[in-house]
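Below is one structure, written out as structure tokens, with a few remarks after it.
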Amino acid sequence: MTAVGGGFEDPSAEVLSQAAAAFGLLASPARLHIVWALAQGESDVTGLAERVGGALPAVSQHLTKLKLAGLVGSRREGRRQVYFVDDADVVTVVRLLVGRLTDRAARADVPAPRLRGL
């Protein structure tokens, strides 16, 4: 890392690339909802599909992408595959951001900031 003004250091290009890839995966509302649901507790693909309102094959594909990126893990329980968030830091970031945006939306007197591209 390279030190810059204000005491913060710039991360390496590799770290920025990894962060962008993780944020890219979480940029999909469906995948973000899956990670949010798994942050609340483990689930199989059927339970996740019911919770997030997605088709079973689509949820399965999202889980595969999240698993390949190392954000989600799984284990076998009999005939079921149980999924869980495999990175506690991702849970922290998702809970923080979604929680803050939920709080803003609940306060009618404070309009949520408009993000570019939306």
Side-chain angles (χ1 to χ4, degrees):
M1 286 207 213
T2 306
V4 294
F8 290 100
E9 296 181 2
D10 286 341
S12 69
E14 177 64 24
V15 168
L16 289 171
S17 178
Q18 290 173 356
F23 281 123
L25 281 168
L26 295 175
S28 159
R31 285 192 291 270
L32 184 59
H33 196 172
I34 289 168
V35 171
W36 174 262
L38 290 175
Q40 312 313 309
E42 300 176 342
S43 181
D44 64 6
V45 68
T46 303
L48 283 170
E50 289 172 2
R51 180 163 181 184
V52 304
L56 198 64
V59 171
S60 183
Q61 287 180 351
H62 288 308
L63 285 166
T64 297
K65 289 179 181 181
L66 292 166
K67 191 173 176 182
L68 285 171
L71 301 178
V72 168
S74 68
R75 70 171 186 284
R76 184 148 307 275
E77 281 187 3
R79 297 179 66 172
R80 294 182 337 136
Q81 194 79 359
V82 177
Y83 294 90
F84 53 90
V85 177
D86 203 22
D87 188 331
D89 294 331
V90 169
V91 171
T92 301
V93 169
V94 168
R95 283 184 175 163
L96 177 67
L97 181 59
V98 172
R100 296 279 307 225
L101 292 173
T102 300
D103 290 346
R104 284 183 188 165
R107 294 188 310 240
D109 60 332
V110 181
R114 189 86 174 124
L115 301 176
R116 293 179 196 227
L118 296 179

message: I need the Gln18 CD to Phe23 CZ distance, nearest 0.5 Å.
response: 12.5 Å
- request: Scan Val72, Ile34, Val52 and name whichever one has a side chain to side chain contact (heavy atoms under 4.5 Å, CB included) with His62.
  value: Ile34
query: Can Leu63 and Leu38 be said to form a side chain to side chain contact (heavy atoms under 4.5 Å, CB included), step by step?
result: CA-CA 11 Å; Leu63 285 166; Leu38 290 175; 4.1 Å; yes
statement: OG1 (Thr102) and CG (Leu97) are apart, to the nearest 0.5 Å, by 9.0 Å
statement: When every non-hydrogen atom of Leu25 is compared with those of Ala69, the smallest separation belongs to CD1-CB, 3.1 Å
message: Within the supplied structure, the quantity of interest is the number of heavy atoms (other residues, nucleotides, ligands) at a distance under 6.0 Å from Arg100 CZ; does it exceed 12?
response: no
- prompt: Any donor and acceptor pair, going by atom type alone, linking the side chain of Ser60 with main-chain N or O of Leu56 inside 3.5 Å?
  reply: no
message: If I take atom CZ from residue Arg80 and atom OG from residue Ser74, how far apart are they, to the nearest 0.5 angstrom?
response: 12.0 Å
- prompt: Transitively linked via ILVMFWY side-chain contacts under 4.5 Å: Val93 with Val85?
  reply: no
message: Are Val82 and Val91 linked, directly or through intermediate hydrophobic residues, by side-chain heavy-atom contacts shorter than 4.5 Å (ILVMFWY only)?
response: no
- request: Please check if the side chain of Arg31 supplies one atom and the backbone of Lys65 the other of a donor-acceptor pair under 3.5 Å.
  value: no
message: Which heavy atom of Pro11 sits nearest to which heavy atom of Leu16, and what is that distance?
response: CG-CD2, 3.5 Å
message: So does Arg79 get a backbone contact from the side chain of Arg76, meaning a donor-acceptor N/O pair under 3.5 Å?
response: yes
- prompt: At their closest point, which heavy atom of Trp36 faces which heavy atom of Arg95, and how far apart are they?
  reply: CZ3-CA, 3.7 Å
